Amino acid sequence: MTGDPFVTQIRRPQAPVQLFCLAHAGGGASAYALWPKAIGADIEVHAYMPAGRERRYGEKPVVDPAAAAAAIAARADRPFALFGHSLGGLVGFEVIRELRRSGQRLPVRLIASACPPPDAEKTGSIYEGLSLLDDEELLGRLAGTGDIPDGILAEPSLVDMLLPIFRTDFSWLDAYMYAPEPPLPVPVSAYVGDADDTATPQQAAGWRAHTRSGFTLRTFPGGHFFPVDHLAEVVGQVRADLLTAG
């Protein structure tokens, strides 16, 4: 890894809580570009940039919770929380387990957004087996879920840039096997969209089994990318949850 793996638009050294954000499949730090101003002065936002994306485009794409955990441990200098959307929620869960194994400070909360619990059945998910599809089928499926906007599909150079990232992310997701460990000593909040078929409230309730420190389920209007369409409401709830926890 070269350089800083985080995008921190606004440094807030006096903020009582840091928030480390992990993006969905195919995403990077830019997924949280609007968050620092929207969330207010009491929270310092650090958007994680995995290898192979954005200014780390020269590196080989990889999903590496251990590397993310090490980077977060090195940056965290006060109470902190993790917010992960979709794939990012599962990565966040594994990040916390890595931090626990290495004896590092743990977050005050995990917010898993649009993300079924780690032991959920994969069968029937529209994201199941995407890494096995050819390019045309993969792009068609992602266009149907909203993961790739139509404007990007019209730009072959952008498609060529994004395909290896999507394949890396979905290969990790397809290969992921939950390994039982004791529940996290960290509160967990599951955020879901009421029109999201990939992570329903019923599925998200399964996160309760993975914490011994309290669980909350919060439902928002919208589909899989409800934080984009309802940013103010989602960020306001994140702020309330973190300042209470911090």
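Note that the coordinates shown come from a computational prediction; the quantities given were computed from them, not determined experimentally.
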S.K.: Does H85 use its side chain to pair, donor to acceptor, with the backbone of H224 at less than 3.5 Å?
M.R.: yes
S.K.: Say you draw a straight line from CG of D241 to CZ of F83; how long is it, rounded to the nearest 0.5 Å?
M.R.: 10.5 Å
S.K.: If the test is salt bridge (charged side-chain N to carboxylate O under 4.0 Å, His left out), which one of D134, D160, D135 qualifies with R167?
M.R.: D135
S.K.: Tell me whether R109 contacts the main-chain N or O of A81 through its side chain, where contact means a donor paired with an acceptor under 3.5 Å.
M.R.: no
S.K.: Has the side chain of R53 got a donor or acceptor atom that lies under 3.5 Å from a matching backbone atom of G27?
M.R.: yes
S.K.: Could you tell me which non-hydrogen atom of T219 sits nearest to which non-hydrogen atom of P201, and how far apart they are?
M.R.: OG1-CG, 4.2 Å
S.K.: Any chance you could measure F220, atom CZ, to E233, atom CD, to the nearest 0.5 Å?
M.R.: 6.0 Å
S.K.: Backbone N or O of A120 within a donor-acceptor pair of the Q203 side chain at under 3.5 Å?
M.R.: no
S.K.: Using the test ring pair (Phe, Tyr, Trp, His ring centres under 6.0 Å), find all partners of F93 that sit at least two apart in sequence or belong to another chain.
M.R.: W207, H210
S.K.: Please determine which of Y32, F6, W35 meets the ring-ring contact (aromatic ring centres under 6.0 Å, His included) test together with F20.
M.R.: F6
S.K.: Verify the distance criterion only: is there a donor paired with an acceptor across the side chains of S189 and R218 at less than 3.5 Å?
M.R.: no
S.K.: Quick check against the 3.5 Å criterion: does H230 have a side-chain atom that pairs as donor or acceptor with the backbone of P221?
M.R.: yes
S.K.: R105 side chain to R78 main-chain N or O, any donor-acceptor pair under 3.5 Å?
M.R.: yes
S.K.: To the nearest 0.5 angstrom, please state how far the CG atom of D174 sits from the CG atom of D169.
M.R.: 11.0 Å
S.K.: Carefully, step by step, assess V186 and L82 under the rule side chain to side chain contact (heavy atoms under 4.5 Å, CB included).
M.R.: CA-CA 11 Å; V186 172; L82 302 184; over 6 Å; no
S.K.: Minimum heavy-atom separation for E54 to S30, with atom names?
M.R.: OE2-OG, 2.6 Å
S.K.: Taking P36 as the fixed residue, which of I43, V7, I10, T8 is the one that meets the side chain to side chain contact (heavy atoms under 4.5 Å, CB included) rule?
M.R.: I10
S.K.: As a test of understanding, state which of H46, R56, R55, R75 forms a side-chain hydrogen bond (donor to acceptor under 3.5 Å, both in side chains) with D4.
M.R.: R75
S.K.: Say whether, by atom type as modelled, one donor and one acceptor occur between the side chain of T200 and the main chain of D197 under 3.5 angstrom.
M.R.: no
S.K.: Among F225, F170, F166, F226, which one satisfies ring-ring contact (aromatic ring centres under 6.0 Å, His included) with H24?
M.R.: F225
S.K.: Looking at CZ of R97 and CD of E181, how far apart are the two atoms once the value is rounded to the nearest 0.5 Å?
M.R.: 4.0 Å
